[in-house]
S.K.: 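I am attaching a structure below and will ask some questions about it afterwards.
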Amino acid sequence: MAVSTGITSVGTAPEQYTRAMLNILEDFSEEKDRLVDTQRAVLNILEDIGSEKGRFEEIQRAVLNILEDFSSEKNRFEETQRAVLNILEDFDAERAKTEGANRDLREAFESLRRAKEAADAANRELEAFSYSVSHDLRAPLRAIDGFSLALVEDYRNLLDDRGCDYLQRVRTATQRMAQLIDDLLKLSRLTRGEVEFAEVDLSRMARGIAAELQKSQPGRRVTFRIDDGLTAWCDARLLKVVFENLLGNAWKFTGKKERATIVFGAMQAGGTFTYFVRDDGAGFDMAFSDKLFTTFHRLHLEKEFPGTGIGLSIVQRIIRRHGGNVWAEGEVERGATIYFTLNPHQGAES
Amino acid sequence: MTSKRAILLIEDNPDDEELTRRAFKASNISNRLIVARDGAEAIDFLSAAGAFAGRGAEDDPCLVLLDLKLPKIGGLEVLQKMRANPRTRTTPVVVLTSSTEEQDVIRSYGLGANSYIRKPVDFTQFMEAVRILGLYWMVLNEPFPYPHA
């Protein structure tokens, strides 16, 4: 009812159909236009695709090339892999060896540590021993000397000359013993403490000691010939002791000469310096040259040349602590030369 | 001389004691010599304690001669205790010993010793050392003005 009412209100039926038809046609024509557009777009796309296809083929070729390359890379990679595996295998064997070496090294370190501990303990003991010697051995000597003098002073009238002479001998021996104790302590002190390495001007050091010696006996005619610019990597404090002893000996053993010459110089061979102190004094018989460095061993009589025989042992100990060597050449009444080396590499890294 | 107050010798060796007396006599040092034969005895004496409880202040020494190597309590500890005690804080202490071990010299001065002398083995030299020491501390040196500073 409602429809018929609607149609009725719009118009007559054929008119309505025609208009509807026209509408449809109109719509269709629009659709057709759109279709043409679409068709054109598709054609465009197809065209584009055509050129894309060219590019695609290029890409495909490129990819194929890459794949080809990749395949040879892969071969190479496999070779590399094999090589790496071999290396790893070798490495395993090496590692086993290294571990063994490490174990050996650890053991060596351990035994070194134990040796150092033992040496430290020995040093501590030596220190305690020296301390005790320094205190306890001197006290009885003081009593012997003191009471000998008291006897001479207070009981002079009860002693004849021989008695007094004997007491004087007691005192002389006592003081010599005191000197020996002091020298021994000096020697033992040299084994304590670290060796402190530095660049040291030996020429300058020798000149200073020579000047002191000349000042101590200004009447003597001794020429010092000291080479310039001799330096060494060593402990300055210890080398000063070496020079005091070597130049002091040269000074002492030229004491009976009218004129004397004392030389400090060096020779170089294969990068190693050999230093020497030479004098033209009393000298010594080469047959005893090995005894020269023995503690308290002397080649001269005390009354000729005083001393306890400690100097060259001290020198030897110091030179050895530097990794060097010391030896002597001489001839009776024609002088002596003491040579020494200092290991230049020891301590150089530190 | 400063009113002849006593000198305290801390020394365990009877030979050294006798030789020191002899040297004092030779140098005309007439102060009374009191001897303590170990460190413990010395500390008791100086602080008027133990066996010396109640001793008079007139026995306070004007000079202490101290050996380092002593039985019971060592010389360095005696020195340390002396410097910690107001009664002996300013008393002159001369270390008179056998050694010149560097560590002994360093520690002695560190703990407040006034002087350090190594006893020479040669008795002639020892007497000379005692003479100079007596002259210096008994005659030349002006002591601290109050006994118990």
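Letters A, B, ... are given to chains in the order of the sequence lines, protein chains preceding strands, and every chain is numbered from 1. Nothing here was measured: the structure is a model prediction, and the numbers come from that model.
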S.K.: Identify the heavy atoms of A/A178 and B/V121 that sit nearest to each other, and give their distance.
M.R.: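 Distance-wise, the nearest heavy atoms are CB-CG2, 3.6 Å.
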S.K.: Below 3.5 Å only, please: all the donor-acceptor pairs between chain B and chain A, one per line.
M.R.:
residue: B/D16; atom: OD1; partner: A/R142; partner atom: NE; Å: 3.2
residue: B/D16; atom: OD1; partner: A/R142; partner atom: NH2; Å: 3.4
residue: B/D16; atom: OD2; partner: A/R142; partner atom: NH2; Å: 2.6
residue: B/R22; atom: NH1; partner: A/D154; partner atom: OD2; Å: 2.6
residue: B/R22; atom: NH2; partner: A/E153; partner atom: OE1; Å: 2.9
residue: B/R22; atom: NH2; partner: A/D154; partner atom: OD1; Å: 2.8
residue: B/R22; atom: NH2; partner: A/D154; partner atom: OD2; Å: 3.3
residue: B/K69; atom: NZ; partner: A/D136; partner atom: OD1; Å: 3.0
residue: B/K69; atom: NZ; partner: A/D136; partner atom: OD2; Å: 2.7
residue: B/S98; atom: O; partner: A/R138; partner atom: NE; Å: 3.3
residue: B/S98; atom: OG; partner: A/H135; partner atom: O; Å: 3.4
residue: B/S98; atom: OG; partner: A/R142; partner atom: NH1; Å: 3.0
residue: B/S98; atom: OG; partner: A/R142; partner atom: NH2; Å: 3.3
residue: B/S99; atom: OG; partner: A/H135; partner atom: NE2; Å: 3.3
residue: B/E101; atom: OE2; partner: A/R189; partner atom: NH2; Å: 3.0
residue: B/D104; atom: OD1; partner: A/Y131; partner atom: OH; Å: 2.9
residue: B/D104; atom: OD2; partner: A/Y131; partner atom: OH; Å: 3.1
residue: B/D104; atom: OD2; partner: A/H135; partner atom: NE2; Å: 3.0
residue: B/R118; atom: NH2; partner: A/D182; partner atom: OD1; Å: 3.0
residue: B/D122; atom: OD1; partner: A/R171; partner atom: NH2; Å: 2.9
residue: B/F123; atom: N; partner: A/D145; partner atom: OD2; Å: 2.5
residue: B/T124; atom: OG1; partner: A/R171; partner atom: NH2; Å: 2.9

S.K.: Does any pair with a residue in residues 44-55 of chain B pass salt bridge (Lys or Arg N to Asp or Glu O under 4.0 Å), and if so which ones, sequence neighbours excluded?
M.R.: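 Listed once each, the pairs are B/R55-B/D60.
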S.K.: For B/Y109, look at atom OH and say whether over 12 heavy atoms of other residues, nucleotides or ligands are found less than 6.0 Å away.
M.R.: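 Result for OH/B/Y109: enclosed.
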